[in-house]
Amino acid sequence: MGTNEDAATYPGFHGKVGKVFATSESWWPDRPSAPEGAPNIVVILCDDLGYADTAPYGSEIATPNIDRLAKGGLQYTDFHSTPMCSPTRAALLTGMNPHAAGVGTVAHSDPGFPGYAMELAEDVITLPETLQANGYATYMVGKWHLAKDSDQSNAGPRHSWPCQRGFDQFYGFLDGFTNLHQPHRLVRDNTPVEIDTYPDGYYFTDDITDEAIAMVRAGKASAPSQPFFLYIAHGAIHAPLHAKASDIVAQRGNYDAGWDELRLRRFARQKELNVVGDDIVLAPRNTELNNDVDPWDELSDTQKVLYSRYMEVFAAMVTNVDENTGRLLDALDDMGELDNTIVIFTSDNGASREGEMVGTSAYMVHLTAGDDIDTDFERFDLIGGPQTSPHYPRGWAMAGNTPFRLYKINTHAGGHTVPFLFSWNAGQLNSGEMRRQYSHVSDIFPTLLELIGISAPTTRNGTDVKPRTGSSMAPTLRNASAPPQRTEALYEMIGHRGFYRDGWEIVTLHQPFTPFSDSEWELYDLTTDRTELHNLAESHPEKLAELAAAWNDAAWDGQVFPLDEGTGLKYVLRPPETEIVQQPLSVWPGTPTLERWRSLQLIWLSSFQFQAPITVTEQSLGTIAAHGDQSGGYALYLLEDRRPTLVFNDGRGTLTLLASPSLDAGEHLLECSFDAIGGNTWKLSLTIDGVTVDEHPEVPMLYAMSPFEGISVGRDPRSPVWWERYETHGSFHYNSAQGPVLWIPGPKAPDQPEDVVGLLRMIGAKFE
């Protein structure tokens with residue numbers, strides 16, 4: 001066959017008639033190819049890992065594989081993320097300030113402002129899109145958190161999912177965090193993975209490392225010369241603090257001395273390692289309003305024992321990340337790929353204060369349901385395992401950010417000064433030296449382009465793309481005495497503001513429901529005061545005014561406004577099309593688990609009920625409907641002897657059970673009602689065929705992000721609502737016929753305002 005006519009009629013031929021096959025160089029479409037010898041790239045991003053939480057930066061936690069990167073690469077001591085996870089991920093992947101890329105805070109909102117679209121903007125090009133266009137294979141595992149939560153259902157839209165933003169393959173979760181023992185919803189490429197029960201010993205960090213290694217091996221088996229970009233975005237070390245039992249045991253007793261002593265030890269180690277110079281002074285214990293930490297010596301014995309346990313689990317998570325980093329490096333070395341692989345290790349923000357003063361064993365509910373140290377202590381042996389969702393007290397976050405002040409979310413140094421390691425043997429960037437130049441996460445993108453020798457596309461889908469704001473770090477990588485390439489940096493997070501210019505910094509610690517004003521600016525000369533101890537605002541008013549004006553100009557240019565005055569309006573403001581998710585919904589048996597946010601809208605801050613038609617036989621048994629998991633939820637079961645039972649889990653391990661007498665064989669309609677009676681509580685009732693058989697006067701309302709596991713009909717998969725039943729029956733499928741379960745949202749609680757958005761706007765207007 002050699003003629004055009006033959007080609008056009010050849011079975012299976014779908015190309016255009018044109019050249020004969022013999023001239024293949026003009027027949028086949030052009031495929032992008034990477035520059036000859038282009039390096040592979042691995043970016044390892046940890047979640048909520050503080051500056052001092054790994055051994056190269058002063059930690060007592062053994063991290064030999066992270067040490068291996070530091071000793072065989074370059075260690076930056078003045079590297080900065082943003083103060084929050086989603087914005088850092090946006091900055092890393094776009095080379096831009098995050099607000100300009102559309103992601104000014106966490107992707108759990110959709111308020112309609114361009115800097116807070118909570119998805120990557122259409123006119124922004126990403127690093128994987130750029131590398132893909134230049135012949136790279138692109139892989140990602142772990143946490144995405146760059147698609148608004150209302151777009152994460154099976155219906156999408158998927159335009160801001162990983163594979164639509166440049167990744168060939170993705171395996172992980174789209175949300176902000178997950179249960180590391182029993183992830184709530186894994187996604188492979190564009191498809192949620194339906195898992196009923198995870199195998200014994202499952203752990204998410206191990207899983208994504210297996211997947212990452214498999215992706216690279218498969219790609220290299222098929223195209224050995226094609227370089228790859230691998231982005232490992234860990235779910236660790238973010239809450240819930242989950243770790244393997246053996247790793248927790250290995251940390252037993254390591255934190256009994258408390259956070260004050262730990263800071264002193266870490267700071268001394270930082271000085272020994274020359275991470276900080278002799279001129280650096282350790283910031284005192286955080287005492288700032290609403291950010292303070294209790295002295296360890298003033299805690300009760302119960303608190304000390306409980307709080308130490310939280311930190312043991314955190315340390316166990318770090319050791320597992322280190323272990324898996326080593327597994328990846330060894331796999332690349334075995335393949336002969338490590339020498340020509342750029343490896344970057346960093347964190348998305350400073351250590352997190354979200355456990356607040358006393359920590360919690362129930363992360364999903366504690367921020368809204370209050371603290372309960374006694375209940376947490378009763379669950380001591382479960383902390384770190386799959387039945388709890390812990391977070392440590394903010395005293396440990398203070399230690400994690402040694403020697404700096406404050407935490408994740410803050411624009412002070414503790415919020416965004418993070419570890420950064422860079423190694424590339426073939427590029428001779430492997431000296432083990434320190435680098436002290438100021439650098440920013442948005443600088444990674446342009447740095448890699450310069451090192452590889454490629455350019456980013458100037459258009460995306462026919463639209464001109466915004467210019468990147470990052471600065472290449474390449475000169476500082478090659479020369480320890482090179483001047484900093486980054487001379488300015490803009491920060492903003494939930495009302496906190498910051499601006500850096502040539503060694504000077506202004507920053508605010510904004511208190512909610514207070515006016516934004518120039519009087520809240522603090523001024524620091526970071527060349528002599530890295531830990532922000534000497535506020536020069538009064539003695540250098542000209543410099544303060546200069547930097548405040550610069551922040552304002554950069555904020556307008558970078559889509560930072562409107563600022564968050566503390567009302568939370570951005571989190572409740574939604575476009576009109578989302579109202580459909582608050583309408584009644586039928587879910588059929590066999591439907592994949594309804595996504596978290598979609599499920600939550602049916603019950604959020606409201607009364608609701610669900611109705612379940614079932615067929616009962618002599619052998620009927622199983623779950624009729626389930627919504628939630630061990631961090632909070634509810635489920636309706638048909639137990640032995642055909643007894644319907646409604647189980648409510650308050651997220652702290654307390655179960656409320658409503659039960660019915662045994663049902664006769666035949667058709668029945670079961671109805672469960674949750675009446676919002678005020679005071680953030682529900683009244684429960686269980687009705688069978690129109691007759692109420694049991695009631696309970698009051699349970700705490702689940703809200704914020706709980707229930708975290710979405711709605712399932714006919715089973716209670718993955719992390720269960722009722723642990724004891726899971727231990728005996730697994731996901732406990734209903735073994736008889738049932739119809740669709742109908743969820744019916746009801747009215748708000750009587751003490752809830754009718755117009756929440758209007759009320760928040762009115763409150764916020766006072767502080768504009």
Side-chain angles (χ1 to χ4, degrees), residues 581-591 594 598-628 633-650 655-679 681-702 707 710-716 721-722 725 729 732-750 752:
V581 301
Q582 297 165 358
Q583 304 302 313
L585 178 70
S586 292
V587 183
W588 286 82
T591 302
L594 197 65
R598 177 70 177 90
S599 300
L600 184 59
Q601 303 317 299
L602 297 168
I603 75 167
W604 195 66
L605 293 178
S606 302
S607 299
F608 72 96
Q609 60 179 236
F610 64 95
Q611 300 171 350
I614 62 171
T615 300
V616 176
T617 69
E618 293 294 328
Q619 290 77 38
S620 291
L621 185 70
T623 306
I624 297 164
H627 183 190
Y634 59 91
L636 178 62
Y637 306 97
L638 192 69
L639 301 183
E640 291 79 1
D641 300 326
R642 306 181 305 281
R643 291 177 290 106
T645 302
L646 173 64
V647 176
F648 177 83
N649 185 331
D650 70 353
L655 300 182
T656 300
L657 277 66
L658 277 66
S660 164
S662 298
L663 298 181
D664 295 331
E667 308 296 322
H668 295 277
L669 179 65
L670 281 55
E671 181 178 315
C672 299
S673 295
F674 290 65
D675 295 322
I677 58 176
T681 58
W682 279 311
K683 175 184 175 183
L684 307 185
S685 62
L686 173 61
T687 299
I688 309 296
D689 298 327
V691 178
T692 299
V693 296
D694 201 359
E695 293 181 327
H696 190 81
E698 186 175 307
V699 296
M701 186 177 282
L702 299 173
I711 289 172
S712 296
V713 170
R715 61 192 178 121
D716 186 4
V721 173
W722 191 3
R725 183 51 49 139
H729 289 78
F732 201 28
H733 285 240
Y734 188 61
N735 63 7
S736 301
Q738 68 175 124
V741 179
L742 175 65
W743 268 262
I744 306 172
K748 299 288 186 185
Q752 287 288 324

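Values below: every heavy atom of this structure, side chains too, minus hydrogens, waters and symmetry copies.
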K.L.:
According to side-chain hydrogen bond (donor to acceptor under 3.5 Å, both in side chains), who are the partners of Thr617, at least two apart in sequence or on a separate chain?
P.N.:
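Applying side-chain hydrogen bond (donor to acceptor under 3.5 Å, both in side chains) to Thr617 gives Ser620.
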
K.L.:
Name the orientation class of the two ring planes belonging to Phe674 and Phe648 (parallel below 30°, tilted from 30 to 60°, perpendicular beyond 60°).
P.N.:
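Taking Phe648 first and then Phe674, their aromatic rings sit tilted (interplane angle of 30° to 60°).
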
K.L.:
Can a donor-acceptor pair be found, under 3.5 Å and without considering hydrogens, that links the side chain of Arg642 to the backbone of Ser662?
P.N.:
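No, the answer is negative, given that no donor and acceptor are paired below the 3.5 Å cut-off.
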
K.L.:
Which heavy atom in Pro750 sits nearest to a heavy atom in Ala676, and how many Å separate them?
P.N.:
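Answer, listing the atom of Pro750 first, then Ala676: CD-O, 3.3 Å.
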
K.L.:
With no hydrogens and no angle check, is any side-chain donor or acceptor of Ser599 less than 3.5 Å from a backbone partner on Leu594?
P.N.:
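Yes, the answer is positive, given that a donor and an acceptor are paired below the 3.5 Å cut-off.
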
K.L.:
From Asn649 CG over to Leu655 CG, what is the distance, rounded to the nearest 0.5 angstrom?
P.N.:
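The distance works out to 5.0 Å.
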
K.L.:
Among pairs that include at least one residue of residues 684-694, which meet salt bridge (Lys or Arg N to Asp or Glu O under 4.0 Å), considering only residues two or more places apart or in two chains?
P.N.:
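For residues 684-694, and leaving out neighbouring residues, there are no salt bridge (Lys or Arg N to Asp or Glu O under 4.0 Å) pairs at all.
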
K.L.:
Quick one: does any side-chain atom of Ser606 pair with a main-chain N or O of Ile603 as donor and acceptor, under 3.5 Å?
P.N.:
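Not confirmed, Ser606 side chain does not pair with Ile603 backbone.
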
K.L.:
What is the minimum heavy-atom distance between Pro707 and Gly628, and which atoms define it?
P.N.:
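Pro707 and Gly628 have their closest heavy atoms at CB-CA, 3.5 Å.
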
K.L.:
Thr687: what forms a side-chain contact (heavy atoms from CB on, under 4.5 Å) with it, not counting sequence neighbours?
P.N.:
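Result, side-chain contact (heavy atoms from CB on, under 4.5 Å) vs Thr687: Glu671, Thr692.
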
K.L.:
Does a side-chain heavy-atom distance below 4.5 Å link Val713 with Thr591?
P.N.:
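Side-chain contact under 4.5 Å: no.
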
K.L.:
Can you tell me how far the CH2 atom of Trp604 sits from the CG atom of Leu702, to the nearest 0.5 Å?
P.N.:
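The CH2 atom of Trp604 sits 13.5 Å away from the CG atom of Leu702.
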
K.L.:
Strictly distance-based, threshold 3.5 Å: is any side-chain N or O of Asp716 a donor or acceptor partner for the main-chain N or O of Val721?
P.N.:
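The answer is yes, because a donor-acceptor pair under 3.5 Å joins these two groups.
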
K.L.:
How many angstroms lie between OH in Tyr637 and NE2 in His729, if you round to the nearest 0.5 Å?
P.N.:
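Between Tyr637 OH and His729 NE2, I get 11.5 Å after rounding to 0.5 Å.
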
K.L.:
Rounded to the nearest 0.5 Å, how far does CD1 of Ile614 lie from OG of Ser736?
P.N.:
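Spacing of OG (Ser736) from CD1 (Ile614) equals 8.0 Å.
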
K.L.:
Donor-acceptor pair, distance only, cut-off 3.5 Å: does the side chain of Trp682 make one with the backbone of Ser673?
P.N.:
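Checked: no pair found.
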
K.L.:
How far does CD of Glu618 sit from CG of Asp664, to the nearest 0.5 angstrom?
P.N.:
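Those atoms lie 9.0 Å apart.
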
K.L.:
Which heavy atom of Leu638 sits nearest to which heavy atom of Leu621, and what is that distance?
P.N.:
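That closest heavy-atom pairing would be O-CD1, 3.3 Å.
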
K.L.:
Under the 3.5 angstrom rule, does the side chain of Gln582 hit a backbone N or O of Pro745 as a donor-acceptor pair?
P.N.:
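Side chain of Gln582 to backbone of Pro745: no pair is present.
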
K.L.:
Sequence neighbours excluded, which residues qualify as side-chain hydrogen bond (donor to acceptor under 3.5 Å, both in side chains) partners of His696?
P.N.:
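His696 satisfies side-chain hydrogen bond (donor to acceptor under 3.5 Å, both in side chains) with no residue once adjacent residues are dropped.
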
K.L.:
For Thr645, what residues pass the side-chain contact (heavy atoms from CB on, under 4.5 Å) criterion, not counting sequence neighbours?
P.N.:
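With neighbours one apart ignored, the set is Leu639, Arg643, Val647, Leu657, Ala659.
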
K.L.:
Looking at Thr623 and Phe732, would you say the former's side chain and the latter's main chain have a donor-acceptor pair under 3.5 Å?
P.N.:
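Looks like yes, one N/O pair under 3.5 Å.
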
K.L.:
Out of curiosity, Phe610 CZ to Ile624 CD1, how far, rounded to the nearest 0.5 Å?
P.N.:
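Separation between the atoms: 8.5 Å.
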
K.L.:
Work out which heavy atom in Leu605 is nearest to a heavy atom in Met701; give both atom names and the distance.
P.N.:
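Taking every non-hydrogen atom into account, CA-SD, 3.7 Å.
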
K.L.:
If you compare all heavy atoms of Ile677 against all heavy atoms of Pro697, which two are closest, and at what distance to 0.1 Å?
P.N.:
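For Ile677 and Pro697, the tightest heavy-atom pair comes out as CD1-O, 3.6 Å.
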
K.L.:
Determine the minimum heavy-atom distance between Leu636 and Leu686, stating which atoms define it.
P.N.:
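Minimum heavy-atom separation between Leu636 and Leu686: CD1-CD1, 4.1 Å.
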
K.L.:
For residues 598-614, which residue pairs qualify under salt bridge (Lys or Arg N to Asp or Glu O under 4.0 Å), counting only residues two or more places apart or in two chains?
P.N.:
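Sorted result for residues 598-614: empty, none.
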
K.L.:
Does any part of the side chain of Ile711, heavy atoms only, come nearer than 4.5 Å to the side chain of Leu602, both counted from C-beta?
P.N.:
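Sidechains of Ile711 and Leu602: in contact.
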
